[in-house]
Amino acid sequence: MERLLMDDLLKWKNRNRKKPLIIHGARQVGKTWLMKEFGKRYYKKTVYINFENNERMQMLFEGNLEPRRLIEALQIESGMQIDPENSLLIFDEIQEVPRALTSLKYFCEEAPGFSIVAAGSLLGMALHQGTSFPVGKVDFLNLYPLNFREFLAARGEQGLVDLLNSDDRQMQAVFHNKFTDYLRQYYFIGGMPEAVLTYVETHDYDEVRRIQKNLLTYYENDFSKHAPADQIPRIQMVWNSIPSQLAKENRKFIYGMVREGARAKDFELAIQWLSDYGLICRSTRITKPAIPLTAYMEMNAFKLFMLDIGLLTAKGEIGARTLLEGNRIFTEFKGALTEQFVAQELAASGIKLYYYSAANSRGEIDFVVQQEDRIYPVEVKAEENLKAKSLKAFCERYAPLHGIRTSMSNYREEAWMTNVPLYQIADFLKAGSHNQYA
């Protein structure tokens with residue numbers, strides 16, 4: 001199963017003076033597999049250390065953090081000779097030994113030749129709890145569930161992936177129906193590696209749903225294991241409210257939908273916990289489409305999306321037949337799933353999530369993207385409905401902004417707007433294919 005992040009890992013490996021690398025991501029998105037596969041492909045030796053329930057490693061890092069001393073101990077632990085040129089050191093679940101995290105600073109400063117990759121599913125929470133962190137001494141990569149291109153590759157459709165990577169719009173249009181069929185599959189299966197692998201091996205949607213339900217249970221069990229006791233019920237309430245929050249026409253997060261009469265102060269820690277754990281991503285409202293967007297954020301107005309669209313359909317009890325056949329009963333939630341898909345595609349591409357809505361108007365722009373010195377308003381359409389009144393009014397008001405509409409329809413250009421197929425939206429924005437409108 002290929003992951004696009006492998007290319008970023010290889011670039012990191014080839015840097016002249018690289019810092020230790022931390023891969024952040026929720027549990028079960030494939031961090032351990034990716035690190036081990038990276039070592040297998042590009043190093044002669046891989047030394048894998050899992051800090052979870054490893055008393056020897058806890059004792060080791062309680063002492064002197066001088067890199068030479070640590071390397072000697074790691075050689076004894078692994079039974080391997082570790083050398084900078086040919087060895088990859090993997091520190092998994094590093095948050096379990098906070099001083100191992102601190103040691104990365106010393107590796108960066110005193111032994112920069114060593115290749116060290118670390119990961120921790122609960123790392124975000126550990127940092128908020130005061131764990132010492134080597135600021136400026138590490139590099140970061142974020143791993144998300146498989147995006148749509150990775151899903152196609154896992155399904156054995158490398159030809160379609162190569163076609164998406166090309167600039168041949170005419171050929172892409174020829175296979176448009178095939179892309180959209182796979183997209184509807186992706187809405188059900190999602191990008192969690194175990195769910196994708198299960199479908200590839202069995203083609204059984206019921207088995208995929210069983211895996212998804214198990215993952216949801218696994219995450220919810222983690223709430224009780226790792227979250228502060230006083231926050232567990234609130235975390236569960238926020239988590240359970242997300243499908244209904246997204247089902248609204250206005251998908252802004254409403255505390256009153258979590259619990260009647262609730263306010264921000266009641267649930268802000270629960271939301272932060274879910275975010276640190278990697279289960280949700282936040283899209284923040286902006287009041288004006290100007291650079292930088294961060295200067296116009298309204299922090300108390302936001303939308304919450306789940307980690308994975310397949311988990312959202314599982315949590316919402318939406319069956320495969322409903323998704324694949326476009327059941328009319330499904331109409332109201334279809335927009336929510338489409339917006340969820342775009343959100344996770346953008347997030348996986350490193351694009352920060354913002355949206356726009358006027359305080360006294362129903363007009364809303366689903367996403368507003370800043371790429372360097374340009375801003376692009378993006379309207380999301382679930383099917384081939386190409387009306388875009390809000391987007392057009394927004395572009396006219398803030399001219400010369402060029403609008404981006406993403407839908408199930410083919411690529412097409414108009415004077416003020418470009419329609420991009422849903423399955424291409426993240427790459428279109430990230431690659432700057434729209435720069436001709438600057």
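For the single chain, residues carry numbers from 1 onward in sequence order.
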Is the distance between the ring centroids of F394 and Y398 under 6.0 Å?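 Aromatic pair counts; centres sit under 6.0 Å.
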
Tell me if the centroids of the rings in F38 and Y42 come within less than 6.0 Å of each other.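 Yes, ring centres under 6.0 Å apart.
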
Distance alone, cut at 3.5 Å: any donor-acceptor contact between the side chains of [X] and [Y]?
{"X": "D162", "Y": "Q158", "answer": "yes"}
{"X": "W239", "Y": "E220", "answer": "yes"}
{"X": "Q424", "Y": "Q172", "answer": "yes"}

Please identify each residue that fulfils side chain to side chain donor-acceptor pair (under 3.5 Å) with [X], with sequence neighbours left out.
{"X": "Y48", "result": "N50, D92"}
{"X": "Q212", "result": "R209"}
{"X": "Q340", "result": "Q344"}

Would you indicate whether [X], at its atom [atom1], is surrounded by more than 12 heavy atoms from other residues, nucleotides or ligands within a distance under 6.0 Å?
{"X": "K105", "atom1": "NZ", "answer": "no"}
{"X": "K252", "atom1": "NZ", "answer": "no"}
{"X": "K315", "atom1": "NZ", "answer": "yes"}

With a 4.5 Å cut-off on side-chain heavy atoms, are [Y] and [X] touching?
{"X": "V117", "Y": "W12", "result": "yes"}
{"X": "N147", "Y": "L4", "result": "yes"}
{"X": "D266", "Y": "V258", "result": "no"}
{"X": "M417", "Y": "K392", "result": "no"}
{"X": "E37", "Y": "R3", "result": "no"}
{"X": "V138", "Y": "C108", "result": "no"}
{"X": "R282", "Y": "I271", "result": "yes"}
{"X": "K13", "Y": "L10", "result": "yes"}

For the student: nearest non-hydrogen atoms of [X] and [Y], plus distance:
{"X": "L307", "Y": "A26", "answer": "CD2-CB, 3.9 Å"}
{"X": "F305", "Y": "S283", "answer": "CE1-CB, 3.9 Å"}
{"X": "T418", "Y": "F428", "answer": "CG2-CZ, 4.2 Å"}
{"X": "K334", "Y": "A382", "answer": "CG-CB, 3.7 Å"}
{"X": "P377", "Y": "I365", "answer": "CB-CG2, 3.8 Å"}
{"X": "S103", "Y": "A100", "answer": "OG-O, 2.5 Å"}

Using the salt bridge (Lys or Arg N to Asp or Glu O under 4.0 Å) rule, collect all pairs that involve residues 222-235, keeping only residues at least two apart or in two chains.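 Sorted result for residues 222-235: R27-D222.
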
Criterion side chain to side chain contact (heavy atoms under 4.5 Å, CB included) on L274 and L304, from CA distance to verdict: CA-CA 10 Å; L274 286 167; L304 293 183; over 6 Å; no

Where do R184 and L323 land on the side chain to side chain contact (heavy atoms under 4.5 Å, CB included) test, with the steps shown first? CA-CA 6 Å; R184 291 187 176 94; L323 284 164; 5.6 Å; no

Show me the donor-acceptor pairs within less than 3.5 Å that the side chains of residues 190-201 make with the rest of the protein, sequence neighbours left out.
| residue | atom | partner | partner atom | Å |
| --- | --- | --- | --- | --- |
| T198 | OG1 | E194 | O | 2.7 |
| Y199 | OH | Y205 | OH | 3.4 |

Taking salt bridge (charged side-chain N to carboxylate O under 4.0 Å, His left out) as the definition, give me every residue that meets it alongside [X], ordered by chain and number, with sequence neighbours left out.
{"X": "E207", "value": "R210"}
{"X": "K213", "value": "E317"}
{"X": "E268", "value": "none"}
{"X": "R397", "value": "none"}

Would you give the length of the straight line joining atom [atom1] of [X] to atom [atom2] of [Y], rounded to the nearest 0.5 angstrom?
{"X": "K352", "Y": "L346", "atom1": "NZ", "atom2": "CG", "value": "14.0 Å"}
{"X": "F140", "Y": "I23", "atom1": "CZ", "atom2": "CD1", "value": "11.5 Å"}
{"X": "L293", "Y": "I375", "atom1": "CG", "atom2": "CD1", "value": "4.5 Å"}
{"X": "I425", "Y": "T338", "atom1": "CD1", "atom2": "OG1", "value": "12.5 Å"}

Taking [X] for its side chain and [Y] for its backbone only, find out whether a donor-acceptor pair lies under 3.5 Å.
{"X": "H402", "Y": "C395", "value": "no"}
{"X": "N221", "Y": "Y218", "value": "no"}
{"X": "E379", "Y": "D366", "value": "no"}
{"X": "S407", "Y": "S409", "value": "yes"}
{"X": "K31", "Y": "G25", "value": "yes"}
{"X": "S166", "Y": "L163", "value": "yes"}
{"X": "K19", "Y": "G136", "value": "yes"}
{"X": "T406", "Y": "V420", "value": "yes"}
{"X": "R251", "Y": "L246", "value": "yes"}

Are K36 and K40 close enough, and set up right, to give a side chain to side chain contact (heavy atoms under 4.5 Å, CB included), and what steps lead you there? CA-CA 6 Å; K36 288 183 174 180; K40 180 180 176 181; over 6 Å; no

Of all pairs that satisfy side-chain hydrogen bond (donor to acceptor under 3.5 Å, both in side chains), the ones with a partner from residues 292-312, not counting sequence neighbours: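 As it turns out, the side-chain hydrogen bond (donor to acceptor under 3.5 Å, both in side chains) pairs with a partner in residues 292-312, which skip direct neighbours, are R285-E298, K303-E339, K303-E364.
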
Going by the angle between their ring planes, with limits at 30° and 60°, are Y187 and F341 parallel, tilted or perpendicular?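 If you compare the ring of Y187 with that of F341, the planes turn out tilted.
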
Residues in ring pair (Phe, Tyr, Trp, His ring centres under 6.0 Å) with F51, at least two apart?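 Counting only residues at least two positions away or on another chain, F51 forms a ring pair (Phe, Tyr, Trp, His ring centres under 6.0 Å) with F61, F91.
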
In chain order, what residues pass the ring pair (Phe, Tyr, Trp, His ring centres under 6.0 Å) check against F253, with sequence neighbours excluded?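 Per chain and number, F253 pairs via ring pair (Phe, Tyr, Trp, His ring centres under 6.0 Å) with Y255, F302.
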
Quickly, which of Y423, Y411, Y182 forms a ring pair (Phe, Tyr, Trp, His ring centres under 6.0 Å) with H176? Name it, please.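 That would be Y423.
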
Check this for me: does any side-chain nitrogen of one of E345 and K430 sit under 4.0 Å from a carboxylate oxygen of the other?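 The answer is no: the pair does not qualify as a salt bridge.
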
Given F148 and L152, is the side chain to side chain contact (heavy atoms under 4.5 Å, CB included) satisfied, shown in steps? CA-CA 6 Å; F148 183 61; L152 287 176; 3.7 Å; yes

